[in-house]
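As the structure is a prediction and not an experimental result, all values here were calculated from the model. All ligand and atom numbering here is 1-based and tracks the order in the structure.
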Amino acid sequence: MQRIVVLISGRGSNLEAIVRQSVAQDWPGRVVAVLSHKADAGGLAWAAGQGIATAAVDHRAHATREAFDTALADAIDAHRPDWVVLAGFMRILGDGFVQRYAGRLLNIHPSLLPAFPGLHTHRRALEAGCAVAGATVHFVTPALDHGPIVAQAAVPVRAGDTPETLAVRVLAAEHRLYPMALRWAVRGRLRLDGQRVLQLDGEPQHLFCEET
Ligand code: GAR
């Protein structure tokens with residue numbers, strides 16, 4: 001069984017989708033621990049209620065980013081992960097951390113990367129006049145919200161959309177996209193080919209979420 005450690009900062013709705021689908025679809029992998037830099041992250045309580053190990057590593061207790069990254073990595077490694085999954089983890093991780101988990105560190109970002117890395121993605125997509133928004137699952141590299149793309153979900157922008165209404169529809173798409181990508185990961189169906197990620201069964205690496 002592949003071991004997945006999930007890092008969160010907040011409510012953890014992507015975490016919930018991953019846990020539920022991993023069980024419902026009987027993946028050869030399970031979420032074995034959920035960690036956060038915030039002890040009050042909602043997803044930690046949810047995970048604990050599911051019987052999943054949880055821990056908080058408070059970034060404010062560490063003088064430097066490197067010290068925090070090392071403490072976080074120690075907490076992660078205690079669970080011997082095959083995959084480390086960032087699901088709404090809103091802290092920048094240093095190069096050493098990223099290198100340590102190279103090839104097994106995934107992130108989801110609420111835009112069609114490489115457009116709109118960083119914050120306020122939905123507001124920026126609307127301001128830019130985008131007709132399509134979406135989300136991206138990617139391998140993490142030292143550059144923020146950057147790295148080989150595993151899968152993307154496209155969501156149409158509708159007349160009258162606000163950042164809030166768009167965020168709701170993109171989040172619903174994320175709840176399909178991230179479990180799909182992780183199911184491939186734990187089944188060993190992903191290969192890196194330079195900057196490209198190959199899905200070895202030839203499954204489409206995109207979702208078009210018109211209905212949400
Ligand atoms: C999600 O929309 C995720 O894509 C985003 O935070 C939200 C977390 O929601 N992540 C980023 O912006 C990372 N750059 P959740 O806690 O309900 O899963």
Ordered by chain then number, the protein residues lying under 4.0 Å from ligand 1 by heavy atom are R11, G12, S13, N14, G88, M90, I108, H109, P110, D145, L171, E174
Heavy-atom nearest pair, L106 first then Y178, reads O-OH, 3.2 Å
Could you give the side-chain donor-acceptor pairs of residues 146-153 under 3.5 Å, partners two or more places apart or in another chain?
from	atom 1	to	atom 2	distance (Å)
H146	ND1	T141	OG1	3.0
Q152	NE2	L113	O	3.0
Q152	NE2	T136	OG1	2.9

Salt bridge (charged side-chain N to carboxylate O under 4.0 Å, His left out) filter on D82, not counting sequence neighbours, yields none
D161 meets the salt bridge (charged side-chain N to carboxylate O under 4.0 Å, His left out) criterion, sequence neighbours left out, with R169
Nearest heavy-atom approach of S36 to I8 is OG-O, 2.8 Å
For residues H37 and F89, establish whether the separation of their ring centroids is below 6.0 Å.
-> yes
